[in-house]
Amino acid sequence: MKPAAFEYAAPKSVAEALALKTRYGEDAKYLAGGQSLIPAMNFRVMQPTALIDLNGLSELAFINGDGDELRIGALTRYSAVEHSPLVAERLPLAVEVVKHIAHPQIRNRGTLGGSLAHADPAAEMPVLLTTLSGRVRAESARGSRWIAAADFMLGPFTTILEPDEMLVEIALPTLPPGVGAAFQEVSRRHGDYALLGAAATLSLGTDGTIAAARLVFLNAGDTPKVAGLATTQLIGQTPSAELFATAAQAVDGDIEPMGTLHASPDYQHHLARVLARRVLARAAERAQAQPVA
Amino acid sequence: MQITATINGKPVISEVEPRLLLSDWLRHDLGLAGTHVGCEHGVCGACTVLFDGAPVRSCLVFAVQADGHTIETVESLGTPDHLHPLQQSFWEAHGLQCGFCTPGILMTLKPFLEQNPDPTEDEIRHALSGNLCRCTGYQNIVKAVQLAAKGPSDTRVLD
């Protein structure tokens, strides 16, 4: 047997899952898609004393359009988002991002809530949530609360969730006309963990100048890194290749990449500048293609 | 724990420890050794099986999670006398050398071709991106998929 022994329970409701977590204590883990947890258990890097399997909680697998946001259940699998006509229509950025996550076999199993609760700085979902300034809802025996993206991730593999809380729902704001978005990442092979990635949203005013811009990096620090320095100088400007090339030079001050096995911090800085330029330009093209009415 | 699952169309009842991986249950307890185990952390794709019809890594699922679900392995495809069209195409196109990665590739491709019967080469390569082959590269594997899509009797893609 690869993983160390653990107790196993498959609750039939969120309330039952929360009660089990309280009973098993802090060394118990929720099992969602398991596509990060089970590899870690196979290596015995993680040895939870109990697994509370959430896969029977079909109430947590849904995608709803609710006003100007999508509400997505925490147990929703990546492939459900990837192939959802609703997401394709209302938030194509989410489809673009999800297609970069590992391989089809992993996406058939991995869940949005699992990825967010895992809070890997090299993962795509935390970057999507941060880029859109989305929210997540946590439930516990004490009640339910919404947590803003900016408050959710505290560090690598660390969130603000309390031991008795479970992430149950995700709210992703959709993008109105006049806002373009793009995501790109560089990995050694498609589906590998990215050496670095970048997401951008860019909104244009009726005069065609940039009204707001957001640029967020993946694997460029201990949490998704918001490039405030680089985007501030875009406001009020007309989109152009020169403008984005200049802004991209400023991302060095926004990120703190730690280096990976296959990319030095210097190389990650280089990738951040290149990807910043590309995603800003792509987001601008898309914003121009859907002007404000 | 006692679990009940449908394996290759047949109901199976089994007593398993929670930490037993689906891949190890299939191979060691059920004797379905066609599912190959490579990296055991979700990278190589050799252990791919269908879980309720969708390809997943059986090394990243516990056997207890199969309780009440339907699993299909490479043994469900064809027999030596009556190969599945995909298996026939891999034969015709020399889509394997050592064959270690092949069961996972076939189980990835079965639903792929059902959903996308006339794929482009790009789509085929994307569908295969989660399956590693270390013998010879992927050229003949791609050709085998093209052959399977056209029907194994159409050998023009082999030229």
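Proteins get letters first, then strands, A, B, ... in listed order; numbering begins at 1 in each. Values below: every heavy atom of this structure, side chains too, minus hydrogens, waters and symmetry copies.
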With only heavy atoms counted, which part of B:Thr48 is less than 4.5 Å from chain A, the side chain, the backbone, both or neither?
side chain
Heavy-atom contact with chain A under 4.5 Å, split by part of B:Leu20:
both
Give, for atom [atom1] of [X] and atom [atom2] of [Y], the distance between the pair rounded to the nearest 0.5 Å.
X: B:Asp67; Y: A:Tyr8; atom1: CG; atom2: OH; value: 7.5 Å
X: B:His126; Y: A:His190; atom1: NE2; atom2: NE2; value: 4.5 Å
X: A:Gln105; Y: B:Asn131; atom1: CD; atom2: CG; value: 5.0 Å

Counting only non-hydrogen atoms closer than 4.5 Å, does A:Arg107 touch chain B with its backbone (N, CA, C, O), its side chain (CB onward), both, or neither?
side chain
A:Asn108 and B:Phe51: side-chain contact (heavy atoms from CB on, under 4.5 Å), yes or no, with the steps?
CA-CA 9 Å; A:Asn108 281 335; B:Phe51 190 105; over 6 Å; no
Return the option, out of A:Asp192, A:Ile106, A:Leu37, with the maximum number of heavy-atom pairs under 4.5 Å with chain B.
A:Ile106
Give the member of A:Gly191, A:Ala5, A:Ala4 that has the highest number of heavy-atom pairs under 4.5 Å with chain B.
A:Ala5
Could you tell me how the ring of A:Phe43 sits relative to the ring of B:His41: parallel (under 30°), tilted (30 to 60°) or perpendicular (over 60°)?
tilted
Would you name the heavy atoms of [X] and [Y] that are closest together and state the gap between them?
X: B:Gln65; Y: A:Asn55; value: NE2-ND2, 3.2 Å
X: B:Asp24; Y: A:Lys2; value: OD2-NZ, 2.7 Å
X: A:Ile38; Y: B:Leu60; value: CD1-O, 3.1 Å
X: B:Cys59; Y: A:Asn42; value: O-ND2, 3.2 Å

Heavy-atom side-chain contact between A:Pro3 and B:Phe62 under 4.5 Å
yes
Against the six-membered ring of A:Phe6, is B:Arg19 placed for a cation-pi contact (under 6.0 Å from the centre, within 45° of the normal)?
no
Surrounding CD of B:Glu114 (heavy atoms of other residues, nucleotides or ligands, distance under 6.0 Å), is the total greater than 12?
yes
